[in-house]
Amino acid sequence: MLLISAIIPLLKLYLAVLCVTLAYRFFTVKAKLPALGLRGGLERLSGKRRRLAVLGVLFFLVCFAARMAGGLYTPGMLMVFNYEEAARGQNPNVTRFNESDILSDHILEQVIQRGDLKLSVEQLAECLALSTPLDAEKLDVTQASALKISTEYQVRCSEKVSLYHTTPKVVLNLLADVYWENFVQNYAENNSVLDLSFQELEGMEYLDVKDFLEMQACKLRNYLPGYSRESSSFRAENGETFASLSQKINNFINIELERYEAFALENGLSRNKATYRSRMQYANRLLETDRRKNLAAHDVRIEAINMYDTFMTSFVLIPTYDEDDEFYMSRTKVGVDYFAEEAKEELASATRLGEEMEHNAYASAQVSGGNTASREQADQRIQELTAELTRLSAQCRELCGAYVKEKRDGYIQVSFTGPSTSNEAMRALLLTGLFVAAWGGNALLEPFYREYWYSRAVLEKKRRDEARKGNGV
């Protein structure tokens, strides 16, 4: 293929030689180009028109075929970043996009390893070139409105990679695969939270299982609203939506897990009764400390409210106009209002902690170890709950994956751009026109050029003869 790629440079070199020869002959014999003689040369050239036409056709075919073959062997790869953030110069995770990553050493190393290529990173980098449609534009960087961000990148691979026992298209395919995998891993939405693990369930207390499974389910539920806000109407092939899947997860938490907890409490299930009771007592002591802090903060704010003079809090009205330009007296907040809100929050927090303490105390009093049948039933129920949660996790991944594929279209679209037949034909035709003009010009000037050198030779011979006569030879 390197020989084919060398055809165009050789043709251009030959064309340059013809042009230089034509220029040299023209400037050599231009003083001896009478109009009638030039017309006669044109008449003599008419006998070579068929030869010129054949050479022109051959030149065009060779040039066109070489350009098409070279373009097909070394196609360009177009990478289009078609997610919303790309137009702002960002990755899907809203970090800054850097186009130099496409041909970074890290990516090229992986390309070489995956393709088992016999060349170094530096050698591969010399064969690759990155460009954008905006490179040809002259942007006025002094005006922010004139700045543009490209979402399309053209990657080309030189035919020099053939020296390393590979082809440009193979290299570009490897590059596209490696870069896409790195892009998704480092910059796409991180959905690793959807991968649930249940190894911690081994040997866990029956009542703690409910809290652990609820935590895992909440990880799934909290991941979906982001996509739901972007496209609440998106529906997968199985008819699932973000809202319907979120409702399934809520039902799992509020119904299935609550039923399991009620069963465990009712049967007093525990793997180690003494340890569980001691842990609940310790947890209640910590909760009691926090509850007293909340109550103390509540009392402090109530005391601060009582210290306010009622006369100061009476005049808090401000003359204001509403949207309809109607005058009214608007009440503004004062310190008393803020203290009241904080006191309410502290009391609510203390109440919540008290309820949690009551639940712990009740659970501690209920645990008795449970009988064998109830423990086996609880173990079976735990397996069913983990299986259900695993199915919900798979559905979340499937739904989010379908959304990314359709709305993000895989983040990057890769296509290979071959040579344009019309463009290559025009370039070949242009070179052919230059070739015909140069070859025809040389053929036209050839008799005058020969005559010029013949006259010079005759003149030189005459001078030598005269010199010999003068010397008496």
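- Ring geometry for Y403 versus Y227: interplanar angle of 30 to 60°, hence tilted.
- With respect to R352 and E356, no salt bridge is recorded, no charged nitrogen being found less than 4.0 Å from a carboxylate O.
- Annotation: side chain of F242 is not in contact with side chain of P225 (no heavy-atom distance under 4.5 Å).
- Using a 4.5 Å cut-off on side-chain heavy atoms (C-beta onward), Q110 and E181 make no contact.
- In this structure, E205 contributes its side chain and N272 its backbone to a donor-acceptor pair below 3.5 Å.
- Shown here for L245 and L392, the closest heavy-atom pair between the two residues is CD1-CD2, 4.3 Å.
- Interatomic distance, CG of L257 versus CG of D211, reported as 9.0 Å (0.5 Å rounding).
- With R301 contributing its side chain and A297 its backbone, the two residues share a donor-acceptor pair below 3.5 Å.
- Proximity of C396 to L224: side-chain heavy atoms (C-beta onward) are separated by under 4.5 Å at one or more points.
- Between atom CD1 of residue I249 and atom NZ of residue K219 there is a gap of 12.0 Å, rounded to the nearest 0.5 Å.
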Could you walk me through whether K293 and E346 pass the salt bridge (Lys or Arg N to Asp or Glu O under 4.0 Å) check?
CA-CA 9 Å; K293 290 180 180 179; E346 297 291 348; over 6 Å; no
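- Counting heavy atoms from C-beta on, the side chains of K169 and M77 never come closer than 4.5 Å.
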Could you walk me through whether I253 and C218 pass side-chain contact (heavy atoms from CB on, under 4.5 Å), step by step?
CA-CA 8 Å; I253 296 173; C218 288; 3.9 Å; yes
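- The nearest pair of heavy atoms linking C127 to K160 is SG-CB, 4.2 Å.
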Would you please test L265 and V367 for side-chain contact (heavy atoms from CB on, under 4.5 Å) and show each step?
CA-CA 7 Å; L265 283 173; V367 295; over 6 Å; no
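- Heavy-atom minimum distance, E152 versus V80: CG-CG2, 4.0 Å.
- Of the possible polar contacts, none joining the S364 side chain to the A361 backbone as a donor-acceptor pair under 3.5 Å is found.
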Could you give me the CA-CA distance, side-chain angles and deciding distance for Q413 and L78, then say whether side-chain contact (heavy atoms from CB on, under 4.5 Å) is met?
CA-CA 8 Å; Q413 284 185 338; L78 182 64; over 6 Å; no
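- Counting heavy atoms from C-beta on, the side chains of F183 and P92 come closer than 4.5 Å.
- The main-chain N or O of R96 is found under 3.5 Å from a side-chain atom of N91 such that the two form a donor-acceptor pair.
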Does the pair N238 and E398 meet the rule for a side-chain contact (heavy atoms from CB on, under 4.5 Å), with working shown?
CA-CA 10 Å; N238 57 5; E398 180 181 357; 4.1 Å; yes
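- F198 and F212 have perpendicular rings, their planes meeting at more than 60° on a 0 to 90° scale where under 30° would count as parallel.
- Under the 4.0 Å criterion applied to side-chain N and carboxylate O atoms, E388 and R391 are assigned as salt-bridge partners.
- Contact of the L220 side chain with the L196 side chain is registered, since non-hydrogen atoms from C-beta on lie closer than 4.5 Å.
- Taking the side chain as every heavy atom from C-beta outward, L172 and L128 approach each other to under 4.5 Å.
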Take E256 and R381 through the salt bridge (Lys or Arg N to Asp or Glu O under 4.0 Å) test and state the conclusion after the steps.
CA-CA 10 Å; E256 302 299 331; R381 184 55 183 156; 2.3 Å; yes
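- Taking the charged nitrogens against the carboxylate oxygens, K344 and E341 have no contact shorter than 4.0 Å, which rules out a salt bridge.
- Ion pairing of D116 with K118 is present here, as a side-chain N (NZ or NE/NH1/NH2) and a carboxylate O approach within less than 4.0 Å.
- There is no side-chain donor-acceptor pair under 3.5 Å between H359 and E355.
- Atom CZ of R114 has more than 12 heavy atoms from other residues, nucleotides or ligands within 6.0 Å.
- With rounding to the nearest 0.5 angstrom, the OG1 atom of T151 is 12.5 Å from the CD atom of E85.
- The main-chain N or O of T95 is found under 3.5 Å from a side-chain atom of N93 such that the two form a donor-acceptor pair.
- Summarising the geometry of A283 relative to N360, their closest heavy-atom pair is CB-ND2, 4.3 Å, with the distance given to 0.1 Å.
- With values rounded to the nearest 0.5 angstrom, L174 atom CG is found 11.0 Å from L108 atom CG.
- Between Y411 and Y187, a ring centre-to-centre spacing not shorter than 6.0 Å is recorded.
- Here the shortest heavy-atom pairing between S374 and N267 reads CB-OD1, 3.8 Å.
- Between L130 and L103, the shortest heavy-atom distance links the atoms CB-CD1, 3.7 Å.
- Residue E288 places its CD atom among more than 12 non-hydrogen atoms of other residues, nucleotides or ligands, all under 6.0 Å distant.
- A distance-only check finds a donor-acceptor pair linking the side chain of T390 to the backbone of T386 [under 3.5 Å].
- Interatomic distance, CG of L124 versus OG1 of T166, reported as 9.0 Å (0.5 Å rounding).
- The aromatic rings of Y153 and F97 sit tilted relative to each other, their planes meeting at an angle between 30° and 60°.
- To the nearest 0.5 Å, atom CE of residue M280 and atom CZ of residue R285 are 12.0 Å apart.
- Remark: the backbone N or O of S100 is not paired with any side-chain donor or acceptor of S104 at under 3.5 angstrom.
- Remark: side-chain polar atoms of Y179 are not paired, donor with acceptor, to backbone N or O of D101 under 3.5 angstrom.
- Between D208 and R279 there is a side-chain heavy-atom pair separated by less than 4.5 Å.
- For the pair R375 (side chain) and S270 (backbone), a donor-acceptor distance under 3.5 Å is present.
- In terms of modelled atom types and a separation under 3.5 Å, the side chain of Y206 and the main chain of I382 share no donor-acceptor contact.
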